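Take a look at the structure below.
These numbers were taken from a predicted model, which means no experiment stands behind them. Every chain is numbered from 1, with letters handed out A, B, ... down the list of sequences.
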There are 2 protein chains.
Amino acid sequence: MATLTAKGAATRARIIEGASATIRELGVTATTLDDIRERTRTSKSQLFHYFPGGRDELLLAVARFEAARVLTDQQPHLGALTDWDAWSAWRDAVVERYRRQGTRCPLHTLTSQLGGTSPGAQAVVTELLRHWQAEIATGVRHLRDTGRISPGLDPDTVAAALLAGIQGGVHIQMATGSTAHLEAALDTALAHLRASAPDLARDTARSGALAARDG
Amino acid sequence: MATLTAKGAATRARIIEGASATIRELGVTATTLDDIRERTRTSKSQLFHYFPGGRDELLLAVARFEAARVLTDQQPHLGALTDWDAWSAWRDAVVERYRRQGTRCPLHTLTSQLGGTSPGAQAVVTELLRHWQAEIATGVRHLRDTGRISPGLDPDTVAAALLAGIQGGVHIQMATGSTAHLEAALDTALAHLRASAPDLARDTARSGALAARDG
DNA sequence: TCAGGAATGGACTTGCCAGTCCATTTTTTC
DNA sequence: GAAAAAATGGACTGGCAAGTCCATTCCTGA
């Protein structure tokens with residue numbers, strides 16, 4: 001793969017997207033290169049031309065593709081967690097995103113297969129988590145700096161806990177099909193933040209810290 | 001498998017345990033029946049004798065085995081979440097359990113492979129989660145009924161959020177190798193509970209003289 | 001002790017699927 | 001417009017791993 005013409009790049013992208021869709025339908029283990037070949041209208045040689053490392057390299061590319069999508073699907077909310085309304089909108093966007101995705105999380109299964117095997121896949125996930133958590137932490141820090149939450153809360157710890165709740169909520173959704181846990185995790189975390197508000201700020205937010213849900 | 005002699009039952013159990021151990025080392029996808037056969041000193045025919053449904057049936061049995069272990073590993077703490085000390089001990093036990101397990105969670109990978117495929121595996125996980133959450137909720141309810149936390153908190157929601165945090169923390173550990181997120185999730189959830197305590201109970205808890213309250 | 005069922009051994013079949021290879025077509029470049 | 005490079009087609013291989021089958025040994029109960 002010395003150089004890549006426009007046509008070549010398009011084919012490569014088509015393969016990744018098609019593989020991603022196929023994996024969503026069949027799961028990683030059940031997806032064969034022939035399935036991908038058929039859906040993307042490519043030949044075996046093309047698959048290996050664009051991904052000389054074979055199946056693993058393709059899967060890694062798909063993981064990268066999916067990881068990017070996870071973050072963009074949360075925009076513009078994730079990048080602007082300024083006031084409570086923004087947090088609420090983000091919360092809804094996250095729930096909606098995963099509800100729409102259904103009971104298959106390509107990235108989860110993808111990394112559970114590649115995770116231990118290749119350090120590359122591990123890096124993709126680690127980087128995604130790091131970025132995601134950093135964005136959340138920035139939002140929390142903003143809440144703190146504007147006096148909306150207790151100054152005693154550590155933004156990074158809160159963000160880590162929130163991210164864990166989201167991950168677990170999604171994971172449970174994969175097994176049960178319900179987003180109840182994801183919602184509980186998000187709502188409880190937000191309630192925690194709201195309840196920590198200094199009296200003045202809480203009065204301003206006024207809508208009931210315990211009720212948590214959209215006041 | 002009309003009847004099962006003592007010897008047969010022992011062999012069956014040996015296969016499940018050996019398969020479980022092998023999967024922990026190699027991961028689900030990389031584990032072949034021959035690997036299991038070799039480790040458990042059995043023959044191909046034995047594998048299919050005790051698990052006529054083949055690989056999938058064996059994997060399901062392993063999932064059941066692992067699911068049971070998840071809960072027993074948390075005992076006796078999980079069954080007696082009465083006061084803050086008990087909660088703290090449980091928290092430590094959970095962290096320790098997963099730290100010891102390392103970056104391979106057999107159940108996670110097991111179900112991510114069987115999850116979508118077989119309804120049986122899904123049932124195993126769902127039941128595990130249900131049971132786990134119920135135990136946590138019982139503990140939360142006890143805290144509430146003894147006035148240690150705000151009566152406004154819904155035990156089931158809190159338990160769901162906490163369980164999601166644990167699951168996510170473990171999941172992140174699989175990718176990063178660190179239990180930081182798991183600990184953040186647990187600690188944040190417990191901090192939330194403690195912070196919700198009515199003033200009297202919080203003061204009492206701080207001093208450790210719990211017996212005196214509510215006379 | 002012997003008969004029938006359970007347990008075991010292990011060779012063999014079968015099918016799939018990743019990866020290879022070379023021929024052919026298309027595009028780029030000078 | 002011709003050579004070089006890139007893209008494509010698709011048959012073929014090789015190996016692996018699940019599952020089958022039958023022969024043999026072991027156990028149990030009457």
Side-chain angles (χ1 to χ4, degrees), chain A residues 1-20 22-23 25-63 109-110 113-114 116-118 120-121, chain B residues 1-23 25-63 109-110 113-114 117-118 120-121:
Chain A
M1 190 170 36
T3 60
L4 211 59
T5 67
K7 190 181 180 187
T11 301
R12 198 187 126 98
R14 197 171 81 243
I15 291 172
I16 292 175
E17 282 168 40
S20 162
T22 307
I23 287 169
E25 284 173 21
L26 307 178
V28 186
T29 45
T31 298
T32 71
L33 293 186
D34 274 334
D35 293 329
I36 296 170
R37 202 184 45 66
E38 188 176 349
R39 172 187 281 258
T40 59
R41 297 242 200 270
T42 50
S43 65
K44 211 65 172 293
S45 70
Q46 280 171 292
L47 257 40
F48 283 86
H49 181 188
Y50 293 109
F51 305 95
R55 183 187 158 89
D56 280 359
E57 187 179 339
L58 172 54
L59 255 39
L60 185 57
V62 172
T109 50
L110 218 40
Q113 170 159 3
L114 287 179
T117 318
S118 86
Chain B
M1 190 171 33
T3 60
L4 211 61
T5 68
K7 191 181 180 189
T11 301
R12 199 187 125 98
R14 195 171 83 245
I15 292 172
I16 293 176
E17 282 168 42
S20 163
T22 307
I23 288 169
E25 283 173 22
L26 307 177
V28 186
T29 45
T31 298
T32 71
L33 292 185
D34 274 334
D35 293 330
I36 297 170
R37 202 183 47 65
E38 188 176 348
R39 173 188 282 258
T40 59
R41 297 243 199 269
T42 50
S43 66
K44 213 63 172 295
S45 70
Q46 279 170 291
L47 257 40
F48 283 85
H49 179 88
Y50 294 109
F51 305 95
R55 184 188 157 89
D56 280 358
E57 187 179 339
L58 171 55
L59 254 39
L60 185 57
V62 173
T109 50
L110 218 41
Q113 170 158 3
L114 288 179
T117 318
S118 87

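- Whole-Å rounding puts the B:Arg12 CZ to C:dT8 P distance at 13 Å.
- A donor-acceptor pair shorter than 3.5 Å cannot be found between the side chains of A:Glu25 and A:Thr22.
- When the nucleotides D:dG9, D:dA7, C:dT8 are ranked by their closest atom to the side chain of A:Ser43, D:dG9 comes out on top.
- Atom CZ in B:Phe51 sits roughly 16 Å away from atom C1' in D:dA18 (whole-Å rounding).
- Here the side chains of B:Leu59 and B:Ile23 are in contact, with some heavy-atom distance below 4.5 Å.
- Put simply, B:Gln46 has no side-chain N or O that comes within less than 4.0 Å of OP1 or OP2 on C:dA7.
- In this model, the phosphate group of D:dA6 is not approached by any side-chain N or O of A:Tyr50 to a distance below 4.0 Å at OP1 or OP2.
- If you take CZ of A:Arg41 and C1' of D:dG10, they are 16 Å apart, rounded to a whole angstrom.
- Both B:Ala6 and A:Thr5 lie close to DNA chain C; mapped to their nearest nucleotides by heavy-atom distance, the more 5′-ward contact belongs to B:Ala6.
- Checked against C:dA7, C:dT27, C:dA18, the side chain of A:Lys7 finds its nearest nucleotide in C:dT27.
- For A:Arg55, the listed nucleotide lying nearest its side chain is C:dG19; candidates were C:dA6, D:dA18, C:dG19.
- Protein atom NE2 of B:His49 is 15 Å distant from nucleotide atom C1' of D:dT20, rounded to whole Å.
- Atom CG of A:Asp34 is separated from atom P of C:dA18 by 7 Å (rounded to the nearest Å).
- Between B:Leu4 and B:Arg12, the shortest heavy-atom distance links the atoms CD2-CD, 4.3 Å.
- Rounded to a whole Å, the CG atom of A:Leu4 is 17 Å from the C1' atom of C:dT29.
- For the pair A:Val28/A:Val62, no side-chain contact is recorded, criterion being any heavy-atom separation below 4.5 Å from C-beta on.
- The side chain of A:Thr32 has C:dA18 as its nearest neighbour among D:dT8, C:dA18, C:dA7.
- Distance CZ (A:Phe48) to C1' (D:dG10): 14 Å, rounded to an integer number of Å.
- Within the 4.0 Å cut-off from OP1 or OP2 of D:dA6, at least one side-chain nitrogen or oxygen of A:Thr3 is found.
- Each of D:dA17, C:dG9, C:dT28 was ranked by its minimum atom distance to the side chain of B:Ser45; first place goes to C:dG9.
- Residues A:Phe48 and A:Leu33 are in side-chain contact: their nearest non-hydrogen atoms beyond the backbone lie under 4.5 Å apart.
- For the pair B:Arg37 CZ and C:dT8 P, the interatomic distance rounds to 14 Å; values are reported in whole Å.
- Between the side chain of A:Lys44 and the base of D:dG9, no donor-acceptor pair under 3.5 Å is found.
- Judged by closest nucleotide on DNA chain D, A:Gly8 is the one of A:Gly8 and B:Gly54 placed further toward the 5' end.
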